[in-house]
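Below is one structure, written out as structure tokens; the observations come after it.
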Amino acid sequence: MTQKYILQPAFGVAGKLKIDYRQALTPEQLPIVTAGGGPMLVIAGAGSGKTRTVTYRVAYLVESGVPLDRILLVTFTNKAAKEMLSRVEALLQRDVRGIWGGTFHHIGNLMLRKHAKLIGFTSNFTILDRSDAKELIEASVVEAKIDTKARRFPKGDALQDIFGFALNTGRHLTDIIAYNYAQFEPLTLEIEQVFKIYTERKKKNNLLDFDDLLYYWWKLLDSQPELCEHYGNKFLHVLVDEYQDTNSLQAKIMNLLAAKHRNIMVVGDDSQSIYSFRGAYFRNIINFPKVYPDVTVFKLEVNHRSTPEILAIANTAIVLAKEKFEKSLKANRPSGSKPVVVPLTTVYEQSAFVAQRMLELREEGHSLNDMAVLYRSHYQSMEIQMELTKRGIPFEVRSGLRFFEEAHIKDVLAHLKVMHNPSDEIAWGRILKLLPKIGPKTADKIFQQLYRASEPCKELTGEKILELVPSGAERPFKQFQGLIGELLEKQGQPAEMIKAISQSNYADYLKTTYANYRERQEDLEQLGSYATQFKSLEELLSALALASGMESENIVDGGEAETEACVLTTVHQAKGLEWPIVFLIWLADGRFPSYLSFNKEDEMEEERRLFYVAVTRAKDELYLSYPLIYSGYDGEVLMKQSRYLEELPSWAFDKWEVEESPAFLKPGRQADEAPIDLSEYREIRVKGADFEAIDINDLFK
């Protein structure tokens, strides 16, 4: 029998209230904070004061007499939980540490410590960090007696991602491999065997990894009805932040805990659901009214971050989403400048535009800290990084390592370095140790033989070197010899050399080493594109070496130089953040949205939400740019502007035509060369998509 719990309004509580809720909250926020209870869905648009609303809701519950230990507040980061609870303490001027507040994993850990015996563990279980979990997985591969040398088998990191994705989504391992990790499908039975051994070893040794905290928390509640009822009775109010990012397991847990009193408030924005690749399930928030038919739906639509002009772009983009809660962001700020759409001839001109505009804005009084460059994929930051470095503009990369510090980029460049300088011991050591069964000692022996030879690269392709190769490693080594031979033939064509490496056995190495191998392959394609600008391997390597060696902190004079830098980040990493000035680059169809999502309706819907998130990061100024020409392995290709730009009404933005000054040269182009003639390009071709031919001049209208 369902019992009703009636929350009395704080305004009627005897005694003086610490908070004047009517004064502190907006007309949108007040009804949410002071609601009586029951299922509540809060659709919180970008920049609408979501955190403030949740914070005041917790404070209101406490002031209304709800005991601290009967409130459960679940967030996605420890930082968010600490921030909210510290604000509650400041508002109420009292200790609120009795509240059960923290991340899903934190709360799961607390419950599992108390009841571990019920699921076959003891309360002193160890939580494995990522490196320890990887080590145990690799030990499980050995125990399974899988010959990882006979054919490449996934590395520990990749297996860890697969196992975690399966646990968090509640899907069978076979389905996960087939749909999300198709490169490993022929190894499905072996991977399942490793997963079984890994699971058994963890239980035997009283170990849990990070993903187990959620899985066993759910299992504990699902398999122990009396315990589930106990916690269901305990928590009078359950509040969940960022509900659009929850996975299936997290939603099930929250529904179990809220089943008794049904006072569950979930807060999120369906339009900002962009993490399906991590297992987030978009329909958790979309279907919440179906799970709770008596739900009260609230909307926070007043945006306190951006200008009306920026919000017009965001609203226009998201209104075409097929599944959504209807909402329209309304600005709480005065009018500002219109967003600017900027078509550029090439990716190099795009980078030059961003860098030059940053310097102009800085001259106008803006700090570099106020500026961010956003992009769909990490590889799209390469030319920007090069341009900013060349101009001495400090930057911080938040989407990963700086491009040329990435392991796979360094691997490919090591191949090129030995072709240019066969005495490069470091480069030889790096690429030799990528081969199966070749460790530091063998690599050193091989290098010493190469060093003594008059023509090291030809020496490597000969028969004599095979005497140093360990037993069972001859086949992959001979394939490596074939690659070196191919690189010798293409030595004057750096782009073709990069293509040969990325299509060699190194591609198999990427697949088995990295779960995100597709993104890394895109990185290599972008590196190859960059290399097309150079006429020789020496020019390319020299340019890269000079760029990486430049100091990037010379722009600011005085002692505060190191504190000022612009940010480079993917949109995924930028969610929850904001900047006064945002440059959103590579807005070409096939790049944003990604061609990998074409013909996949759910993924294309998420790409649209990703664009919405990107736009709503900007507070004052927004620049939307794309290159018209992309130089790839197959020559120069004309790009088409993103469909999100095509959908925008002409009144919503200004369009800038960028003229190339005589002093501007893209890498590898000489001063006496004629400017690029765009009239030659009449057909649009984008990888993964077919478009009708158009006239280049139409793009500038």
Side-chain angles (χ1 to χ4, degrees), residues 148-149 151-153 155 157 401 403-514 517 520-521 523-528 530-531 536-538 540-542 544-545 548:
T148 59
K149 306 302 181 184
R151 52 177 173 168
R152 290 192 181 273
F153 196 74
K155 302 290 185 184
D157 281 333
L401 296 172
F403 191 83
F404 295 106
E405 294 172 1
E406 296 276 3
H408 54 298
I409 300 298
K410 295 177 79 171
D411 290 343
V412 171
L413 292 180
H415 284 78
L416 301 184
K417 287 176 180 178
V418 299
M419 303 309 297
H420 180 249
N421 174 16
S423 298
D424 190 332
E425 180 179 5
I426 296 175
W428 275 118
R430 186 178 188 97
I431 60 178
L432 287 169
K433 284 182 286 189
L434 292 172
L435 302 174
K437 293 190 176 181
I438 293 185
K441 290 184 179 179
T442 304
D444 185 61
K445 288 179 182 178
I446 294 173
F447 172 73
Q448 294 303 327
Q449 182 163 322
L450 297 178
Y451 186 74
R452 291 190 294 268
S454 58
E455 296 183 85
C457 291
K458 288 187 178 180
E459 177 74 13
L460 185 128
T461 60
E463 292 291 326
K464 188 178 180 182
I465 203 78
L466 291 172
E467 296 173 4
L468 301 175
V469 177
S471 175
E474 291 88 351
R475 183 181 176 189
F477 195 87
K478 286 182 178 179
Q479 292 171 330
F480 175 63
Q481 287 178 310
L483 172 61
I484 294 299
E486 187 177 354
L487 295 180
L488 284 170
E489 294 175 1
K490 300 177 183 294
Q491 201 154 0
Q493 305 166 281
E496 289 298 314
M497 295 173 76
I498 294 170
K499 180 179 181 181
I501 298 165
S502 63
Q503 294 180 351
S504 70
N505 267 24
Y506 185 71
D508 296 328
Y509 170 80
L510 288 180
K511 288 181 181 180
T512 55
T513 304
Y514 305 108
Y517 83 95
R520 292 176 186 263
Q521 286 179 323
D523 288 350
L524 298 185
E525 183 178 336
Q526 192 67 14
L527 180 63
Y530 182 77
S536 71
L537 182 56
E538 182 176 335
L540 172 63
L541 292 176
S542 295
L544 297 181
S548 62

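FYI, side chains are in, hydrogens and waters are out, and symmetry mates aren't considered; it's all heavy atoms of this structure.
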Quick one: side chains of residues 478-488, donor-acceptor pairs under 3.5 Å with protein atoms, not counting sequence neighbours, listed by atom name and distance.
unit_1	atom_1	unit_2	atom_2	d
Q479	OE1	N505	ND2	2.2
Q481	NE2	L460	O	2.8
Q481	NE2	G462	O	2.9

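- One finds the NZ atom of K445 at 6.0 Å from the OG1 atom of T442 (value rounded to the nearest 0.5 Å).
- For E538, the CD atom sits in a loose shell: 12 or fewer heavy atoms of surrounding residues, nucleotides or ligands are nearer than 6.0 Å.
- For the pair R430 and A407, the tightest heavy-atom approach, listed with the atom from each and the gap, is NH2-O, 3.2 Å.
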Exercise. After noting the C-alpha distance and the side-chain angles of L450 and I465, does the key distance pass the side chain to side chain contact (heavy atoms under 4.5 Å, CB included) rule?
Worked result: CA-CA 9 Å; L450 297 178; I465 203 78; 4.1 Å; yes

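- The line from CD1 of I498 to CD of E496 is 10.0 Å long, rounded to the nearest 0.5 Å.
- Atom CD of E525 sits about 11.0 Å away from atom CG of L527, to the nearest 0.5 Å.
- Partners of E459 under the side-chain hydrogen bond (donor to acceptor under 3.5 Å, both in side chains) rule, at least two apart in sequence or in another chain, are Q449.
- Closest approach of A443 and I438 over heavy atoms only: N-CG2, 3.9 Å.
- Legend: residues meeting ring pair (Phe, Tyr, Trp, His ring centres under 6.0 Å) with Y506, ordered by chain and number and at least two apart, are Y509.
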Problem set entry | Test log, rule side chain to side chain contact (heavy atoms under 4.5 Å, CB included), inputs R520 and E406 | CA-CA 9 Å; R520 292 176 186 263; E406 296 276 3; 4.2 Å; yes

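- L537 CG to K490 NZ: the interatomic distance, rounded to the nearest 0.5 Å, is 14.0 Å.
- Here the shortest heavy-atom pairing between Q521 and L510 reads CG-CD1, 4.2 Å.
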Can you give me every donor-acceptor pair (side chain of residues 412-428, partner residue at least two apart or in another chain, under 3.5 Å) with its distance?
unit_1	atom_1	unit_2	atom_2	d
H415	ND1	D411	O	2.8
N421	OD1	S423	N	3.1
D424	OD1	I426	N	3.2
D424	OD1	A427	N	3.0
W428	NE1	P422	O	2.7

Problem set entry | T512/Y517 under side chain to side chain contact (heavy atoms under 4.5 Å, CB included): CA gap, chis, key distance, verdict | CA-CA 8 Å; T512 55; Y517 83 95; over 6 Å; no

